[in-house]
Amino acid sequence: MEFKGSHILSIRQFERGDIDTLFATADSMEPYAQRRRVTRVLEGAILGNMFFEPSTRTRVSFGCAFNLLGGEVRETTGFSSSAVVKGESLQDTARVLSGYSDIICMRHPDSGSVADFASTSRVPVINGGDGPNEHPTQALLDLYTIEKELSARGRNLDNLRIAMVGDLKFGRTVHSLCKLLMLYKQVSITLVSPPELAMPAELVDEMRSAGIAVEQTDQLDQGIARAHIVYSTRIQEERFASVEEADMYRGKMRINQSIYTRHCEPNTVIMHPLPRDSRSDANELDTDLDDNPNLAIFRQADNGILVRMALFAQVLGVAHMVDQYSHDVRWHHRRG
Ligand code: NCD
């Protein structure tokens with residue numbers, strides 16, 4: 001794909017070569033993400049960050065990634081602080097806001113809404129999650145994390161065995177990740193969920209046609225037994241008809257250290273897009289895993305900065321100039 005000037009709406013836009021390019025750019029962002037160097041390559045550029053659904057990581061990491069490249073961020077959060085509550089269409093909002101920004105990131109509760117917005121935007125739009133549909137940048141940072149974690153354990157993506165656990169019906173991160181994994185060979189995916197929260201059948205069929213070995217089970221212990229990566233997800237309660245309905249599934253796919261020790265192979269990596277639901281009736285990833293070095297969830301969240309910096313740099317056409325406009329930091333930086 002041509003990165004420069006493109007909207008990033010679906011993970012389906014990417015081919016293997018694009019992923020390689022993006023990940024190489026992400027690697028090159030480390031000195032900046034680790035605050036060892038500062039770059040001003042996006043000096044004067046403005047990111048419009050529009051989040052119509054709750055978000056911590058995605059919103060803040062998009063903003064920080066843009067700041068770390070030297071750009072400025074303007075943020076709109078929630079419907080109540082936007083003219084959308086006055087009946088303005090997404091297309092009109094896009095026509096206006098694209099005059100104020102150089103790139104826009106957007107999250108919205110409706111499937112297809114970000115594409116709708118992008119259709120009248122004069123600047124590139126990046127999908128930060130459109131309802132249960134897609135979350136392409138999360139899939140990119142998830143795959144980046146999978147590669148890094150596997151390589152630290154002497155493995156690569158070939159013959160990857162991954163178990164996806166939890167709400168596979170409404171979870172947009174697993175939808176995008178499954179689509180992305182179709183680009184790779186010899187991948188086995190075990191889908192572990194209550195039957196009512198299974199991965200959409202069309203996506204399962206598509207994965208099988210693409211050569212992925214897909215198994216489905218509602219038995220957590222069997223599902224995670226042979227995986228290199230266990231990817232846990234939250235019950236997406238905001239997408240259920242009622243909280244009571246979501247309550248029926250909460251806490252059904254709980255992973256803690258004793259389940260890990262009993263059922264996972266040594267060094268199985270645990271991932272989660274976060275937020276993990278730590279309320280006692282859910283507790284999908286117990287805090288007793290926090291000392292387990294294979295719990296990659298915070299490294300995964302950190303990787304979001306690298307991958308989002310890389311995407312901004314590619315889409316705005318400055319990836320080759322990042323170092324040219326850089327210098328060492330003068331202040332005490334926080335980590336190596
Ligand atoms: C996810 C999302 O919003 O889809 N979070 C994220 O972006 N890291 C997952 C979730 O909310 O459960």
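Both counts, for ligands and for their atoms, begin at 1 and track the order of listing.
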Fill in: Neighbouring residues of ligand 1, heavy-atom cut-off under 4.0 Å
Thr58, Arg107, His135, Gln138, Arg172, Thr173, Arg234, Gln236, Pro273, Leu274, Pro275
Worksheet, complete the sentence: Applying side-chain hydrogen bond (donor to acceptor under 3.5 Å, both in side chains) to Asp323 and not counting sequence neighbours gives Tyr32
Item to complete: Mark yes or no for whether Ser113, through its side chain, and Asp130, through its backbone, hold a donor-acceptor pair below 3.5 Å.
Response: no
Fill in: Residues Glu265 and Arg153 bridged, charged N to O under 4.0 Å
no
Worksheet item: Would you say the side chains of Ser326 and Arg37 form a donor-acceptor pair under 3.5 Å?
Response: yes
Practice prompt. Check the angle between the aromatic planes of Phe52 and His108 and answer parallel, tilted or perpendicular using the 30° and 60° thresholds.
Written response: perpendicular
Discussion item. Check whether Thr217 reaches the backbone of Val192 with its side chain - one donor and one acceptor, N or O, closer than 3.5 Å.
Written reply: no
